[in-house]
Amino acid sequence: MKKDVTMKKSTFVKGAFITTLGIVIAKILGILYVIPFHAVIGDEGGALYGYAYTIYSVFMSLASAGIPLAISKLVSEYQTLGYYNAKKRVFAIGKRIALILGLLCFLIILICAPLLAKAVLGNVHGGSSIKDVTFVIRVIGTAILIVPVLSIYRGYFEGHRLFSPPSISQVIEQFVRVLIIIFGSFTALKVFKLDLTSSVGIALFGATVGAIFSYFYLLVKRIKNRSVFNEKVRKVNEPIISNKIIFKKIVYYSIPFILIDVFKSLYNYVDMVTVVKGLVNYASYKVGDAEVVYSMLSTWSAKFNMIILSVSTGVVVSLIPNLTESVVKKDKEAINKKVNQALNILLFLTVPMTLGISFLAKPVWMLFYGKSVYGPSVLSYYIFVGLFIGLFTAMVSTLQTLKDYKAVFISLISGVILKILLTNYLLMSFYKISLPPYYGVITASVIGYFVSFVICLVILRFKYNINFEEVIKSFFDIMCASILMILVLFLVKLFIPIYSSTRLMNLVIILVYMIIGMIVYFVYGYYTKLIKRVFGNGILRTVKKIIMKK
C-alpha cells in the first residue's frame, strides 16, 4: 500500500509551519477574492456582508469554536496515555455534540434573525434595511449546520499531530467559497439583474458549500487511512472511561476555547452596534459615510488582519497537542521551551508583517479596492488589531492548555470590559482633537487585546515560572530588524514612488517594497542568529538543502 504523504505526524515547529502554510494559503485566497467582490458589491454591500458575518461569528463561537481544539487536546492526551478506545469515543461523542449545537444555533438564527437585525441597525435609517440584514443573516446561518462537524474532523486529525489534511481541507473550503463569492455575486447582480441583497446572500452561501466540500475531503482521508488512527504506539491496561466522563471532559475543555472566541466576537459586536451610530451621533457623519467606515473595519480591512491571524492560528493549532503531551508527562522544561518557541515564532513573523502592511496601506488599498477617502487610513492602523489578537490568542490558549480557566476568564473579561468602556469615549475624544474618530474605535480594541495579553504573560511568568528571557532577547532583535526594514523602505521611498493611480503599478510597487523589506529583515535575522534562536538549526539546514539542490 502506498504511503500517504499527507498523513505524517509532525513535531511542533514542523506542525506549526504546515498548519500556518495551509491557513496562509487559505487566507490569501480569502484576500484575493475581495478585488472582484468589492468591484461587484461596493462599500454598501460590504457593510451588509459585515453585518451577517459578525452575527455568524458569534453563533459559530457557541457552536464549534471550542470543540475542535478540545477534541485535539483530549485525543492527544489519550493518545499519549495509550487509551485508544477512549480516544475513538471522543471523536464519536464530539460529532454528536457538534450536530446538536449546530442545529440549535441554526434554528435560533432562523427564528431570531429579525430581532438580531433590529439590534444591529437600531434607529439608524438611510442605509441597509432590517429586511436586508434579516435575509443575509439567515443565509449565512446555513453554514452552521456543517461547519461544527467539519471542525471536529480537523480537531481529530490535529490531535494525532496530522496537520497536513486539515490544512489542505481549509484551502479546499476557501477555494470553493471564493469561486461562489466571485461568480455567484457577479452573475446574480450583472447577468440576472438581482438586487444587491440577493447577490450578497449568494456570496455568503459560499461558506456553506465550501464547508461541504472540505468535509467530504476529510471524510475520505479518514476512511482511507484508518490504520494510522488505529496505530498503537503504547500498550497499557486502559481503564474504563465512560461516555459521560468523556462528554464532561469535552465540555470542560471546550468552554475556555468557546469563551476565547465569543469574547473576540464581542469586540466585533461592540463595533457593529457602536460605529455607525457613534459616527452619526457624535462625529456628524452621514449614515452612508458611517456605513462605509464600518464596512472597512468589519469586512475590507479585516481581510488583511487574516494574514496576521493565520500565523497565530497555525502556531496555536500545533502548540495545543504538543503542549498537552508535555503537560501530561509533567515535563516543565518542555512546557517552558514550547511556550517560548511559540511566542518567538509569532513575534518573528507577525511584527514585520504588521509594520509592512501598515507602511504600504495606500498602495495595498488601491490595488484591492481602488481609491478611497477612508480606506488607507483605516488599514494603516487597524492591521495592529490583528497583531494583538494573534499574541493574545496564543497566550490565552496556553493558559487553557495548562487548565488555568480562572486566569483565562480574567484576561478575557478584562479586555472586553475595557473595549466596551472605551469605544464611545475614545471615538468622541479623537473627534474632539481633530483625529479620525474611527481611530478611537480601533484604539479601544488594541488596548483591550494588549491588556489581556499582558495579564496572560504575568500569570505564566509568576504562577507557572515560564521564563521569557529568551523571548525578550529575540523581541529586541525583532524590533531592531523591523525598524531597520522600515527605515530602508523610507529611503527607497525617495527613489521609488509608494503609490500609483493605476492598480497594476501598485502591484509592482508592493512587490518591490516587499522583496526589499524581506531581504533586509532576513539578512539581519541571519547574521544576528535570530532565525537560529527562533526556529533552531533545522530550518536553516532545510533551506540550505533546497538551495543546494537548485
Side-chain angles (χ1 to χ4, degrees), residues 31 34 43 46-47 49-51 53-54 57-58 120 263-285 289-309 312 350-351 353-362 364-365 368-369 372-393 412 414-454 482 486:
I31 290 172
V34 299
D43 290 325
Y49 190 88
Y51 291 142
Y53 245 96
T54 300
S57 297
V58 173
V120 168
F263 276 83
K264 282 196 292 185
S265 298
L266 284 176
Y267 279 79
N268 296 330
Y269 185 80
V270 171
D271 287 347
M272 184 177 67
V273 298
T274 302
V275 172
V276 175
K277 287 181 273 191
L279 291 176
V280 171
N281 296 329
Y282 304 128
S284 303
Y285 275 56
D289 289 337
E291 281 204 331
V292 166
V293 171
Y294 173 70
S295 75
M296 290 171 179
L297 291 171
S298 66
T299 305
W300 309 123
S301 288
K303 295 298 178 186
F304 297 99
N305 280 5
M306 288 181 180
I307 300 174
I308 311 298
L309 292 176
S312 66
T350 57
V351 169
M353 288 168 66
T354 303
L355 291 173
I357 293 172
S358 180
F359 181 82
L360 295 169
K362 195 168 184 179
V364 166
W365 195 276
F368 281 85
Y369 307 124
S372 172
V373 175
Y374 306 108
S377 173
V378 172
L379 176 59
S380 65
Y381 190 18
Y382 194 69
I383 193 67
F384 287 91
V385 175
L387 172 64
F388 287 106
I389 292 175
L391 295 171
F392 148 78
T393 302
L412 289 169
S414 300
V416 168
I417 288 173
L418 282 171
K419 170 65 178 174
I420 293 170
L421 293 176
L422 292 174
T423 298
N424 265 328
Y425 172 75
L426 291 177
L427 186 151
M428 290 185 286
S429 299
F430 274 64
Y431 178 66
K432 286 177 182 177
I433 59 175
S434 300
L435 288 173
Y438 46 82
Y439 273 19
V441 176
I442 299 170
T443 302
S445 295
V446 169
I447 291 172
Y449 284 119
F450 178 71
V451 168
S452 293
F453 171 63
V454 170
S482 299
I486 295 299

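Numbers for residues simply follow the sequence, beginning at 1.
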Rounded to the nearest 0.5 angstrom, the CG-CG distance for Leu379 and Leu297 is 10.5 Å
The reported gap from CG in Leu427 to NZ in Lys277 (rounded to nearest 0.5 angstrom) is 13.0 Å
With side chains defined as the heavy atoms from C-beta onward, is the minimum distance between Val416 and Val270 less than 4.5 Å?
-> no
Donor-acceptor contact below 3.5 Å, side chain Thr443 vs main chain Tyr439 = yes
So how far is it from Tyr282 OH to Lys432 NZ, rounded to the nearest 0.5 Å?
-> 10.5 Å
Side chain to side chain, Tyr438 and Tyr374, heavy atoms closer than 4.5 Å | yes
Shortest non-hydrogen contact between Ile389 and Thr393, atoms and distance | O-OG1, 2.7 Å
Can you tell me if Ser380 uses its side chain to pair, donor with acceptor, with the backbone of Ser377 under 3.5 Å?
-> yes
What's the shortest heavy-atom distance between Tyr267 and Gly448, and which atoms?
-> OH-C, 3.2 Å
Matching residue for Phe388 among Tyr449, Tyr382, Phe450 - test: ring pair (Phe, Tyr, Trp, His ring centres under 6.0 Å) = Phe450
Which pair of heavy atoms, one from Leu426 and one from Ala444, lies closest together, and at what distance?
-> CD1-N, 3.8 Å
Donor-acceptor contact present, side-chain Ser295 to main-chain Val292, <3.5 Å | yes
Hey, does Asp271 have a side-chain heavy atom less than 4.5 Å from the side chain of Val441?
-> yes
Close side-chain approach of Ser445 to Lys419, heavy-atom, < 4.5 Å = yes
Heavy-atom pair with the smallest gap, counting every atom of Ser358 and Phe384 = OG-CE1, 3.6 Å
Hey, would you say the Tyr294 and Tyr51 ring centroids sit under 6.0 Å apart?
-> yes
What closest approach, in Å, do Ser482 and Leu355 show between heavy atoms, and which atom pair accounts for it?
-> CB-CD1, 3.5 Å
Among side-chain atoms of Tyr49 and Ser298, is any donor-acceptor pair under 3.5 angstrom?
-> no
Just how far is it from atom CG of Asn424 to atom CG of Asn281, taken to the nearest 0.5 Å?
-> 9.0 Å
Taking atom CD1 of Ile383 and atom CZ of Phe359, what is their separation to the nearest 0.5 Å?
-> 15.0 Å
Backbone N or O of Met296 within a donor-acceptor pair of the Ser301 side chain at under 3.5 Å?
-> yes
Verdict with reasoning, Phe392 to Leu412, per side-chain contact (heavy atoms from CB on, under 4.5 Å) | CA-CA 9 Å; Phe392 148 78; Leu412 289 169; 3.2 Å; yes
Please walk me through it: do Val385 and Asn305 pass side-chain contact (heavy atoms from CB on, under 4.5 Å)?
-> CA-CA 7 Å; Val385 175; Asn305 280 5; 4.1 Å; yes
Rounding to 0.5 Å, atoms CG (Leu422) and CD1 (Ile417) come to a distance of 11.0 Å
Taking every non-hydrogen atom, the tightest pair across Tyr431 and Pro437 = CB-CB, 4.0 Å
